[in-house]
Amino acid sequence: MTRDLDQVFSALADPTRRRILGMLLEDDMAVTDVADPFDVSLAAISKHLGILTRAGLISQEKRGRITWCKLEPKGLFDASVWMQGFGQFEPVNLDDFERYLRDLLGETLPDASPDPASE
C-alpha cells in the first residue's frame, strides 16, 4: 500500500497533473483534447497521463484511433484512508474534492439542483 500511496501523492504533487484531473471532472476526454490547453508537447502530456494512470487516478481506453482518458475517483480512496489515520483529516468527499479542483482552476460550479422537498 505504501508504494501505491507514494504514486498517488507523487502524481498529485504536479500542478499540470492536478489540472488534468480537474479537466477530467467534467467528462472523458481524448488525449489530444487534454493536451490542447497546455504549452507543452503531446509527448509531455502523454507522460503525465501515464503517471496518473499508474497511480490509478485515471484510466485510458483506446476507442478506434483515439485514446480516451477517464477520471477514476476511487484512486484516491487509499490516500483518504491513510490521511484519516492521523485523525486530523476528514474523509475525502469527492464532491468537495471536485469543488476544490474547480476553485483551483478558477472554474465556477453550476448551481446545485433544488432540494425536491422544498418544491
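Since the structure is predicted, the reported quantities are computational estimates derived from the model, not experimental observations.
With sequence neighbours excluded, the residues forming a side-chain contact (heavy atoms from CB on, under 4.5 Å) with Pro37 are Arg19, Met23, listed by chain and number. Listed by chain and number, the residues in a ring-ring contact (aromatic ring centres under 6.0 Å, His included) with Phe38 amount to none (sequence neighbours excluded). With sequence neighbours left out, Arg17 forms a side-chain contact (heavy atoms from CB on, under 4.5 Å) with Ala11, Asp14, His48, Ile51, Leu52.
Scanning both residues, Val31 and Cys69, for their nearest heavy atoms gives CG2-SG, 3.7 Å.
In this structure, CG on Leu42 lies 8.5 Å from CG on Leu49, to the nearest 0.5 angstrom.
Screening residues 36-59 for salt bridge (Lys or Arg N to Asp or Glu O under 4.0 Å) gives no qualifying pairs among residues at least two apart or on separate chains.
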Report, one line per pair, each donor and acceptor closer than 3.5 Å where one atom sits in a side chain of residues 57-68; sequence neighbours left out.
{"unit_1": "Ser59", "atom_1": "OG", "unit_2": "Glu72", "atom_2": "OE2", "d": "2.7"}
{"unit_1": "Gln60", "atom_1": "NE2", "unit_2": "Thr53", "atom_2": "OG1", "d": "2.9"}
{"unit_1": "Arg63", "atom_1": "NH2", "unit_2": "Asp28", "atom_2": "OD2", "d": "3.3"}

